[in-house]
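One-based numbering, in listed order, for ligands and for the atoms of each. The chain is numbered in sequence order, starting from 1. As the structure is a prediction and not an experimental result, all values here were calculated from the model.
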Amino acid sequence: MKALITGGAGFIGAHLAGELLKQGNQVCVLDDLSTGRIENVTPFECDPKFSLVIGTILNEALVDKLVERCDVVFHLAAAVGVELIVKKPLESLTTNIKGSEMVLEMAHRYRKKILITSTSEIYGKNVKGPLKEGDDRILGSPLKTRWSYSTAKAVDEMLAYVYWKEKQVPTIIVRLFNTVGPRQTGYYGMVMPRFIEQALNNQPITVYGTGKQTRCFVHVKDVVDALIKLSRQPQALGEVFNIGSQEEISIEQLAKEIIKFTKSRSKIKHLSYETAYEEGFEDMQRRVPDITKIHKLIGFKPTYSLAGIIKDIVACLKSKP
Ligand code: UDP
């Protein structure tokens, strides 16, 4: 199989590229290195089955050429990370809407299978848990930048769904819930790499808001495994799937667990959302996926516990020269 991974130099994309190569597939990565990092893919450069194209998903001629040459597209290129979205809302909207439309249009042109990665942000402030794929989206004002990300990804989902329904383009949509693991950067706001780095450096652990908000963290290896299995499953076409863990933890408790595991001297420091992000910022209080649908189709079940995930990330950081 020849796979094209847009955003393949990003955290999840690079893990996916590594696994696809390991399984003997050809992999072409398209990445503009805006949030992706060249170091993520340098280990693959000596593999003749691997190629890297530095460019944007907004470049029509380039996307046209690359989609034509592949068998399947994994579309991961996106502006991600709450902090990045809040800091650069215009750029984020453009990449997430126009970029996805471009990639979908090319998949349509060449009738290629395309797996689109969406996000649990889709559900917005819906605190009902566990969230099912058909559940309502509850969003704040469109003038609050956080919701622009949720909306942009919802447009991507609608486009993918409609291309399937009206034009029979083989599309699959996945909603990723707090995916973490080795090599993720905390630079764009993600809590897990931030807390671990703060703890290892004995710096204050920055807990935003009350810290009572909860999340469920899934290991990137479990996610990548699910993406590959779904891409080979005919019954996944035209469908949307949650991918995540159901091990729920509050952010304050996460900070405590990380301090304990790393034997850090760090203390917890509470920061208001206004200080951390912007005036009027709204957070999700709870986010737990219902994973019945993906479990039924491909037997998905996370293999890493939260403790196992923390251990793996710390071990990886410590092994770095
Ligand atoms: N968070 C935090 N400290 C940080 C970064 C994030 O307390 O340094 C909080 C954030 O406000 C949110 C949770 O951790 O409640 C998860 O944040 P992340 O950006 O990783 O993911 P998302 O909000 O998209 O679930």
Side-chain angles (χ1 to χ4, degrees), residues 10-12 35 78-89 92 96 117-127 129-131 137-140 144-154 174-181 183-201 203-220 223 242-259 264 266-289 306 309-310 313:
F11 158 62
I12 304 174
T35 58
V80 291
V82 179
E83 208 167 294
L84 176 72
I85 309 299
V86 170
K87 274 193 198 144
K88 294 185 172 174
S92 307
N96 292 342
T117 47
S118 181
T119 165
S120 55
E121 286 267 330
I122 284 289
Y123 298 104
K125 292 185 283 185
N126 190 338
V127 289
L131 293 155
R137 307 178 56 220
I138 303 178
L139 302 181
K144 290 193 173 153
T145 25
R146 174 173 204 154
W147 306 123
S148 69
Y149 178 54
S150 177
T151 303
K153 292 305 251 182
V174 297
R175 293 186 187 147
L176 305 181
F177 282 65
N178 296 81
T179 304
V180 295
R183 303 197 296 277
Q184 184 178 33
T185 169
Y187 191 72
Y188 305 105
M190 283 74 164
V191 70
M192 182 70 84
R194 283 205 172 182
F195 281 8
I196 292 183
E197 212 172 307
Q198 289 165 343
L200 291 177
N201 293 316
Q203 289 164 348
I205 310 274
T206 53
V207 170
Y208 300 162
T210 61
K212 302 277 180 274
Q213 69 273 29
T214 67
R215 296 291 189 273
C216 302
F217 297 92
V218 63
H219 196 292
V220 64
V223 169
N242 287 335
I243 303 183
S245 151
Q246 293 188 307
E247 193 179 342
E248 190 176 8
I249 187 167
S250 76
I251 296 303
E252 180 155 36
Q253 193 54 35
L254 176 70
K256 287 181 184 161
E257 300 280 326
I258 291 174
I259 291 174
S264 169
S266 294
K267 296 272 174 281
I268 291 177
K269 179 180 171 190
H270 281 272
L271 287 177
S272 69
Y273 288 121
E274 283 70 24
T275 314
Y277 299 109
E278 63 177 358
E279 195 62 42
F281 180 86
E282 290 179 296
D283 200 9
M284 281 77 169
Q285 287 313 301
R286 185 172 190 217
R287 204 150 64 179
V288 185
L306 180 62
I309 291 175
I310 297 172
I313 300 175

* Asked: Would you say the side-chain atoms of R215 pair up with the backbone N or O of F177, donor to acceptor, closer than 3.5 Å?
  -> no

* Asked: How would you list, by chain and number, the residues with a heavy atom under 4.0 angstrom from ligand 1?
  -> V82, E121, R146, N178, G189, M190, V191, R194, F195, T206, V207, Y208, Q213, R215, I251, Y273, Y277, D283, R287

* By side chain to side chain donor-acceptor pair (under 3.5 Å) - contacts of S250 (at least two apart) -> none

* Asked: How about E197: does its CD atom have over 12 heavy atoms from other parts shown lying under 6.0 Å from it?
  -> no

* **Those residues that, when tested against R287, pass salt bridge (Lys or Arg N to Asp or Glu O under 4.0 Å) (two or more places apart)** => E121

* **Backbone of T179 reached by a side-chain donor or acceptor of Q184 within 3.5 Å** => yes

* To do: Could you list the residues that satisfy salt bridge (Lys or Arg N to Asp or Glu O under 4.0 Å) with E278, not counting sequence neighbours?
  => none

